[in-house]
Number of protein chains: 2
Amino acid sequence: MSTARERILAATEELLASKDALAISTRAICDRAKVGMPEIYRQFGDKQGLLTAVACIGFERFLANKRRNPMTDDPVADLRTAWDSHVAFALDNPHLYRLMFTPAPESQPRAVGEARALLLSALERCRAAGRLRTPLELAGQSILTANVGVCLMALSFPELYGAPEISRSVRDAVIGAVTGDEREDTRITDGIVLAQALVGTLTGTAPAGGDAIARLSQALQGSGPRGDE
Amino acid sequence: MSTARERILAATEELLASKDALAISTRAICDRAKVGMPEIYRQFGDKQGLLTAVACIGFERFLANKRRNPMTDDPVADLRTAWDSHVAFALDNPHLYRLMFTPAPESQPRAVGEARALLLSALERCRAAGRLRTPLELAGQSILTANVGVCLMALSFPELYGAPEISRSVRDAVIGAVTGDEREDTRITDGIVLAQALVGTLTGTAPAGGDAIARLSQALQGSGPRGDE
DNA sequence: TCGAAGGCGTTAGCAACGCTTTCTTAGCTG
DNA sequence: CAGCTAAGAAAGCGTTGCTAACGCCTTCGA
């Protein structure tokens, strides 16, 4: 048999799979872990302490998950993949996720900080690839906030949450705005690229193909600044 | 003296100004409302029933707030204003907001539905103005989810929440993506405008000022499609 | 004017909760 | 073997949400 502490943690995690943290009684935990009531308080001082420890373990699983995300040669696509795996984790472990991201007074700035660090390093890769048009810090906060926000919302209103569509929509909006990658509307940035090349040609300050005008004209076709559908 | 029901509701709202709903005991409510314990259960059946009633009142204030938002002739700007007033309400009434948007089993799809309806009508105005490039339904869900999500996140991690910057960032990203309005980077759309005029000039198919090239060159200055800041 | 009805206050108490105290036992270490 | 710490057993504390039983007093129709 394992140690008492491990049994308590395991029992709590198991109960957390079906009930909210607040609906779990310390007695139920003790029954399932086959320990006496005082054991919880000897080990964790507090019910909140126990929940914090469980949240910590959850964060470790969460971060391990995130670290497993492959690094492709498209850092922006990696951002989107990370977003999706985050959402999947939340939907798979609703009560645990709520426990992790809805602290009572204050609990784990450490683990959240680590998640932030992971995100920032992913963003740094975007920056290195010249695909970030927002201050790194703000970009990270925006993505993290939106990501957690979408998850909490999905857990609170599952019937209002329309499957992954809405997560994808917010994801592409935020990541797109931060990186400058327009997902569904790359024509705009293409337009800029071509316009820059064109100006370079016309002013004689940059090398550009002679067909710049034709390509620009074609690229701009139908892409107004405020498209009227 | 007012009726018992009103006093109970008022007392709960007052306590909710300083404590979380779960930290409020029914006895404290009764003390403050000068009623006996059974009164709560005669009136609301349940503590949850009382909290639901309070949440209802909160939604009414919330919706009244939203309805007070002026309708300017720029429906997209109105969307942004509504977003900001939503966030302000959440920050002003943290515990009430949490109560409203973190239901236990399920509570007010009615009030949330009304908020959604308000949002959809605002989006309909955008659509009428030709400033919506996303299905109405999905646009509404995306904005509402992101908005509530940012608020819940801000309440859970106030120290991590960097003032209104991040709300603005997510707001402009989501609303921008949904409407096609680029907020902070209007240079891009300006670039498109000028580029179109330029192409018109060069191909002789549109009237444009002779300084088009100069203006385009200036407008594009420093605005790369993948700016390396 | 009377009497039924219902809104409201009072007292007392239940079961469940988080948490504590006390005592005892088991197992390892020096 | 002595001494330490980890951990199981039992009992109980105070608070919580909630209920039962009773009685007052206003309202209102007959």
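The shortest distance between the side-chain N/O atoms of B/T3 and the OP1/OP2 oxygens of C/dC8 is below 4.0 Å. Distances shorter than 4.0 Å separate none of the side-chain N or O atoms of A/S25 from OP1 or OP2 on C/dA16.
Using modelled atom types and a 3.5 Å distance limit, the side chains of B/T81 and B/N69 yield no donor-acceptor pair. A side-chain donor from one of A/E39 and A/Q43 sits under 3.5 Å from a side-chain acceptor of the other. Side-chain contact annotation: B/N65 with B/S85, donor-acceptor N/O pair under 3.5 Å absent.
Going from atom CZ of B/R27 over to atom C1' of C/dG13 covers 10 Å, rounded to whole Å. Remark: P of C/dC8 and CE of B/M37 are 16 Å apart, rounded to the nearest angstrom. One interatomic measurement links the two molecules: CD1 of B/I8 to C1' of C/dG9, which rounds to 12 Å at whole-angstrom precision.
Taking a 6.0 Å sphere around CZ of B/R127, one finds it holds 12 or fewer heavy atoms contributed by other residues, nucleotides or ligands.
Ring pair A/F101/A/F59: centre-to-centre distance below 6.0 Å.
Residues A/L155 and A/L91 meet the side-chain proximity criterion, which asks for heavy atoms closer than 4.5 Å.
For the pair B/T26 and A/A4, nearest-nucleotide mapping onto DNA chain D gives the more 5' position to A/A4.
A/I29 comes within 4.0 angstrom of no nucleic acid atom, judged by non-hydrogen atoms across all strands.
Residues from residues 38-47 of chain B lying near DNA chain C, meaning a heavy-atom separation below 4.0 Å, are B/P38, B/E39, B/R42, B/Q43 in numerical order.
For the salt bridge (Lys or Arg N to Asp or Glu O under 4.0 Å) with B/R125, the lone residue among B/D74, B/D73, B/D78 that qualifies is B/D78.
Extent of DNA chain D lying under 4.0 Å from chain B heavy atoms, first and last nucleotide in 5' to 3' order, is D/dT16 to D/dA20.
Formation of a donor-acceptor pair under 3.5 Å by the A/T145 side chain with backbone atoms of A/S142 is not found in this model.
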